[in-house]
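Keep in mind the model is a prediction, meaning the values are calculated, not measured.
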Amino acid sequence: METTIPILPCRTIQSVLDFYTVLGFEVTFQQKSPNPYAVVERGGIQLHFFALQQYNPAEAYSTCYIHTDDVDGLHKVFRARLKAAYGRIPTRGLPRIGPLKDTSYGMRQFLVTDPGGNCLRIGQQTSQDQHHRPAPKEPFARALHYASLLADSKEDLAGAAKIIDRALRIEDEQPTPVQLLRLFVLRADIAGRLGDEDTAKSALTRATAIQLTDKERESVRDDLERLEDLGA
């Protein structure tokens, strides 16, 4: 049986180890010289790290995918541990944790980015078909589809913001309350990550004011959880 283990870069080993310890990982190996190197483990997850002095975490592209059979449970545990350690749930900058989302390619997932800029995509398969579904034709669903892809998969925050702002300016059609809440929550998330505090605050205020039925609230529980995190 073969096992694949990612070896991820960082500027300093200790800050990365401290972060993963917060998430419930155990440091199982650490070498300080001649080359800084460390290993963390949690359940069946094993991650290796090496330090580079000239490395810039803000410009990192390193990532790996972690499959789990309980993505909701893992997300809940990580959120709780981060809030206990930091007094809030980090949603921007480094480190940060993203929202749970059902993707268009048959995965339910969330993203965690560590102090080294490494992005962990943690997901649970929800469909045997792993191909991207066609984009919705309805304008607001289509805007949510593409804005989410740009923000989370492409890290094109400015492009995602333009898509949402364009959708919110449509005058001859109106989004449903669920669509409107999802648009404002995603817009607030993007604005916060861009450092646009005024837009983030405005979007959060408008999202909070939307009235939903119990059934509608259940259908957007992931977005409501993210709204809570962003407003903390």
Peer 1: Could you check whether D165 pairs with R187 (Lys NZ or Arg NE/NH1/NH2 to Asp/Glu carboxylate O, under 4.0 Å)?
Peer 2: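 Counted as a salt bridge, because a side-chain N and a carboxylate O are separated by less than 4.0 Å.
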Peer 1: When you compare the side chain of V40 with that of Q46, does any pair of heavy atoms fall below 4.5 Å?
Peer 2: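 Counting from C-beta outward, Q46 and V40 never come under 4.5 Å.
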Peer 1: When clusters are formed by joining ILVMFWY residues with side-chain heavy atoms under 4.5 Å apart, either directly or through shared neighbours, do V27 and Y20 land in the same one?
Peer 2: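 Yes; Y20 is reachable from V27 via cluster members.
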Peer 1: Test side-chain contact (heavy atoms from CB on, under 4.5 Å) on F50 and I13 and set out the steps.
Peer 2: CA-CA 7 Å; F50 65 98; I13 290 286; 5.6 Å; no
Peer 1: Around D129, counting heavy atoms of other residues, nucleotides and ligands shown, do more than 12 lie under 6.0 Å from its CG?
Peer 2: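 Enclosed: over 12 neighbouring heavy atoms sit under 6.0 Å from CG of D129.
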Peer 1: Side-chain donor-acceptor pair under 3.5 Å between Q211 and E216, yes or no?
Peer 2: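 Looking only at side-chain atoms, E216 and Q211 do not form any donor-acceptor pair under 3.5 Å.
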Peer 1: Identify, with sequence neighbours excluded, every residue that meets side chain to side chain contact (heavy atoms under 4.5 Å, CB included) alongside Y61.
Peer 2: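 Side chain to side chain contact (heavy atoms under 4.5 Å, CB included) check on Y61 returns nothing, list empty.
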Peer 1: How close do E173 and E138 get, counting heavy atoms only, and between which atoms?
Peer 2: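 Of all heavy-atom pairs spanning E173 and E138, the closest is OE1-OE2, 4.5 Å.
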Peer 1: Is I190 reachable from L149 through a run of hydrophobic residues whose side-chain heavy atoms are each under 4.5 Å from the next?
Peer 2: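 No, because L149 and I190 fall into different hydrophobic clusters, even though each may have its own neighbours under 4.5 Å.
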Peer 1: Taking side chain as C-beta onward, heavy atoms only, is Q125 less than 4.5 Å from S127?
Peer 2: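 Side-chain contact under 4.5 Å: no.
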Peer 1: For the side chain of E218 and the backbone of K215, is there at least one donor-acceptor N/O pair under 3.5 Å apart?
Peer 2: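 No, E218 side chain to K215 backbone: no donor-acceptor pair under 3.5 Å.
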Peer 1: Do V178 and L204 belong together in a cluster built from hydrophobic side chains that touch within less than 4.5 Å?
Peer 2: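 Same cluster: V178 reaches L204 through Ile, Leu, Val, Met, Phe, Trp or Tyr contacts under 4.5 Å.
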Peer 1: Please round to the nearest 0.5 Å and tell me the distance separating atom CD1 of I45 and atom CD1 of I122.
Peer 2: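 One gets 6.0 Å once the value is rounded to the nearest 0.5 Å.
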Peer 1: Provide the closest heavy-atom pair for P95 versus Y86 in the form atom of the first, atom of the second, distance.
Peer 2: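 Here P95 and Y86 meet closest at CG-OH, 3.9 Å.
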Peer 1: Can a side-chain donor-acceptor contact be found between S15 and T12 if the only test is distance below 3.5 angstrom?
Peer 2: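 Result is yes, a qualifying pair exists.
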Peer 1: Do the side chains of I163 and L180 join up, straight or via other hydrophobic residues, at under 4.5 Å, putting them in one cluster?
Peer 2: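 I163 and L180: separate clusters.
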Peer 1: With side-chain contact (heavy atoms from CB on, under 4.5 Å) as the test, would you mind laying out the steps for F49 and I7 before giving the verdict?
Peer 2: CA-CA 5 Å; F49 298 93; I7 302 177; over 6 Å; no
Peer 1: Would L181 and L224 count as a side-chain contact (heavy atoms from CB on, under 4.5 Å) here? Give the steps.
Peer 2: CA-CA 9 Å; L181 179 121; L224 292 173; 3.9 Å; yes
Peer 1: Is the shortest side-chain N to carboxylate O distance from K83 to D229 below 4.0 Å?
Peer 2: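 Salt bridge: no.
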Peer 1: In the structure I gave you, are the side-chain heavy atoms of L23 and R42 within less than 4.5 Å of one another anywhere?
Peer 2: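 Not touching, per the 4.5 Å side-chain cut-off.
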Peer 1: Does CZ belonging to R206 count more than 12 external heavy atoms closer than 6.0 Å?
Peer 2: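 Open: at most 12 neighbouring heavy atoms sit under 6.0 Å from CZ of R206.
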Peer 1: Atom NE2 in H75, atom CG in D222: separation rounded to 0.5 Å?
Peer 2: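 Taking NE2 in H75 and CG in D222, the distance rounds to 8.0 Å.
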Peer 1: Are the aromatic rings of F19 and F25 close, with centres under 6.0 Å apart?
Peer 2: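 No, the ring of F19 stays outside the 6.0 Å limit from the ring of F25, centre to centre.
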Peer 1: Can you tell me if D70 has over 12 outside heavy atoms packed within less than 6.0 Å of its CG?
Peer 2: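 Yes, the 6.0 Å shell around CG holds more than 12 heavy atoms from other groups.
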Peer 1: Would D72 and R221 pass as an ion pair if we require N to O under 4.0 Å?
Peer 2: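 R221 and D72: salt-bridged.
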Peer 1: Whether the Q124 and T68 side chains hold a donor-acceptor pair (N or O, under 3.5 Å, no angle test) is what I'd like checked.
Peer 2: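 Checked: Q124/T68 side chains show no N/O donor-acceptor pair below 3.5 Å.
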Peer 1: Check whether any side-chain heavy atom of N118 sits under 4.5 Å from a side-chain heavy atom of P9, and report yes or no.
Peer 2: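 Touching, per the 4.5 Å side-chain cut-off.
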Peer 1: Would you give the length of the straight line joining atom CG of D223 to atom CZ of R182, rounded to the nearest 0.5 angstrom?
Peer 2: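 One finds 5.0 Å between CG of D223 and CZ of R182.
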Peer 1: Verify whether one side chain among R81 and T21 offers a donor that lies under 3.5 Å from an acceptor in the other.
Peer 2: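 No, no side-chain donor-acceptor contact under 3.5 Å.
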Peer 1: Yes or no on salt bridge (Lys or Arg N to Asp or Glu O under 4.0 Å) for K101 and D152, after CA distance, side-chain angles and deciding distance?
Peer 2: CA-CA 10 Å; K101 291 186 177 182; D152 294 330; 2.6 Å; yes
Peer 1: Between OG1 of T103 and CZ of R108, what distance do you get to the nearest 0.5 Å?
Peer 2: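 CZ of R108 is found 10.5 Å from OG1 of T103.
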Peer 1: For residues Q30 and L17, determine if any side-chain heavy atom of one lies less than 4.5 Å from a side-chain heavy atom of the other.
Peer 2: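 They are in contact (side-chain heavy atoms under 4.5 Å apart), so the answer is yes.
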Peer 1: Are any of the side-chain heavy atoms of I164 and F184 separated by less than 4.5 Å?
Peer 2: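 Counting from C-beta outward, I164 and F184 never come under 4.5 Å.
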Peer 1: Report, as yes or no, whether the 6.0 Å neighbourhood of atom CZ on R133 holds more than 12 heavy atoms from other residues, nucleotides or ligands.
Peer 2: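 It does: R133 CZ has more than 12 such atoms within range.
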Peer 1: Rounded to the nearest 0.5 Å, what's the gap from CD on E228 to OG1 on T91? Could you check?
Peer 2: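 Reported value, rounded in 0.5 Å steps: 12.0 Å.
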Peer 1: Answer yes if V16 and L111 sit in the same cluster of Ile, Leu, Val, Met, Phe, Trp and Tyr residues linked by side chain heavy atoms under 4.5 Å apart, and no otherwise.
Peer 2: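 Unlinked, V16 and L111 end up in two clusters.
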Peer 1: Return the minimal non-hydrogen interatomic distance between H48 and Y37, and the atom names on each side.
Peer 2: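 Between these two residues, the closest heavy atoms are ND1-OH, 2.8 Å.
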Peer 1: Search all heavy atoms of A135 against all heavy atoms of Y146 and return the closest pair with its distance.
Peer 2: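 Nearest pair, atom of A135 first, then Y146: CB-OH, 3.3 Å.
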Peer 1: Using every non-hydrogen atom in the two residues, find where V22 and A85 come nearest and quote the distance to one decimal.
Peer 2: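 For V22 and A85, the tightest heavy-atom pair comes out as CG1-CB, 3.6 Å.
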Peer 1: For the residue pair C64 and L47, establish whether any side-chain heavy-atom pair is separated by less than 4.5 Å.
Peer 2: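 When only atoms from C-beta onward are counted, L47 and C64 do touch, with a gap below 4.5 Å.
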Peer 1: One thing to verify: whether D189 and R92 come together as a salt bridge, which I'm taking to mean a side-chain N less than 4.0 angstrom from a carboxylate O.
Peer 2: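 Looking at D189 together with R92, the answer is no, because their closest N to O distance does not fall below 4.0 Å.
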Peer 1: Does the side chain of Q14 pick up a donor-acceptor pair with the side chain of D18 at under 3.5 Å?
Peer 2: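 Checked: Q14/D18 side chains pair up, N/O donor to acceptor below 3.5 Å.
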Peer 1: Within this structure, what is the CG-CG distance for the pair L157 and L150, rounded to the nearest 0.5 Å?
Peer 2: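 The CG atom of L150 is 9.5 Å from CG of L157, to the nearest 0.5 Å.
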Peer 1: So for atom CD, which belongs to Q53, do other residues, nucleotides or ligands contribute more than 12 heavy atoms lying within a distance under 6.0 Å?
Peer 2: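 Incorrect, the count does not exceed 12.
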Peer 1: Of the non-hydrogen atoms in T63 and C119, which two are nearest, and what is the gap between them?
Peer 2: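 Closest pair (atom of T63, atom of C119, distance): OG1-O, 2.6 Å.
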Peer 1: Remaining members of Y65's ILVMFWY cluster at a side-chain heavy-atom cut-off under 4.5 Å?
Peer 2: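 Traced through the cluster, Y65 reaches Y105, M107.
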Peer 1: Does any non-hydrogen side-chain atom of L52 lie less than 4.5 Å from one of R11?
Peer 2: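 Counting from C-beta outward, R11 and L52 never come under 4.5 Å.
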Peer 1: Going through the checks in order, is the side-chain contact (heavy atoms from CB on, under 4.5 Å) test met by V220 and L212?
Peer 2: CA-CA 10 Å; V220 290; L212 299 173; 3.9 Å; yes
Peer 1: Using only atom types and a distance under 3.5 Å, with no angle test, would you say the side chain of R96 pairs donor to acceptor with the backbone of R193?
Peer 2: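 Not confirmed, R96 side chain does not pair with R193 backbone.
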